Amino acid sequence: MSAKTDNRLTPRARLTRGLANTVWGPVDVTRGALGLGVQSAQATASELRRRYREGRLARELAAAQETLAQELAAAQEVVTNLPQALQDARRKQRRSRRPLVIAGAAVLVLGGGAIAFSVVRRSMRSDREESSPRPPSVEVQPRP
């Protein structure tokens, strides 16, 4: 047999061949048993790694669920308190009467000043028009 053929055999096939053949039997039985032991150890280690990862994943998932539950409870509390918060905000937005009274008085004073200025200016303008020494620039008599 060639070395290539030996390398391709699985441990189970090697054990079977070792039990069937008498010349290479003890060698193949030993190698097959060792190979099965190594494969078993690898499978066990891989299963342990998978369980560890799943356990860690389960812990992370539980922590995430707990965090999510806390966030949900906080959001529910905010939603529950929302009407009261809106009512408090509306109360704070209401203005007292004092600024409205001051603004109204300012508008009245400015309006009165504007009216007084307009009256004084018109009276000065009408005095100028009556006592003007120059003749009017436009004809006063309408044409028929």
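In this text the structure is predicted, and so the values were computed from the model without any measurement. Sequence positions, counted from 1, serve as the residue numbers for this chain. Values reported hereafter were calculated over all heavy atoms of this structure, with side chains retained and with hydrogens, waters and symmetry mates removed.
Of the candidates Glu54, Arg49, Arg56, Tyr52 forms a side-chain contact (heavy atoms from CB on, under 4.5 Å) with just one, namely Arg56.
Between Asn81 atom CG and Gln76 atom CD the span is 10.5 Å, to the nearest 0.5 Å. Separation of atoms OG1 (Thr80) and CD (Glu77) is listed at 7.5 Å; rounding is to 0.5 Å.
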Determine all donor-acceptor pairs shorter than 3.5 Å in which one atom belongs to a side chain in residues 34-45; sequence neighbours excluded.
| unit_1 | atom_1 | unit_2 | atom_2 | d |
| --- | --- | --- | --- | --- |
| Thr44 | OG1 | Ser40 | O | 2.8 |

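Applying the side-chain contact (heavy atoms from CB on, under 4.5 Å) rule to Gln87 yields the partners Gln84, Arg91; only residues at least two apart in sequence or on another chain are considered. For Ala33, there are no side-chain contact (heavy atoms from CB on, under 4.5 Å) partners, not counting sequence neighbours. Partners of Gln70 according to the side-chain contact (heavy atoms from CB on, under 4.5 Å) rule, which considers only residues two or more places apart in sequence or in another chain, are Glu66. Residues satisfying the side-chain contact (heavy atoms from CB on, under 4.5 Å) criterion with Arg51, sequence neighbours excluded, are Glu47.
With a 4.5 Å cut-off between side-chain heavy atoms of Ile, Leu, Val, Met, Phe, Trp and Tyr, the cluster of Val119 takes in Ile115.
A donor-acceptor pair under 3.5 Å is formed between the side chain of Thr67 and the backbone N or O of Ala63.
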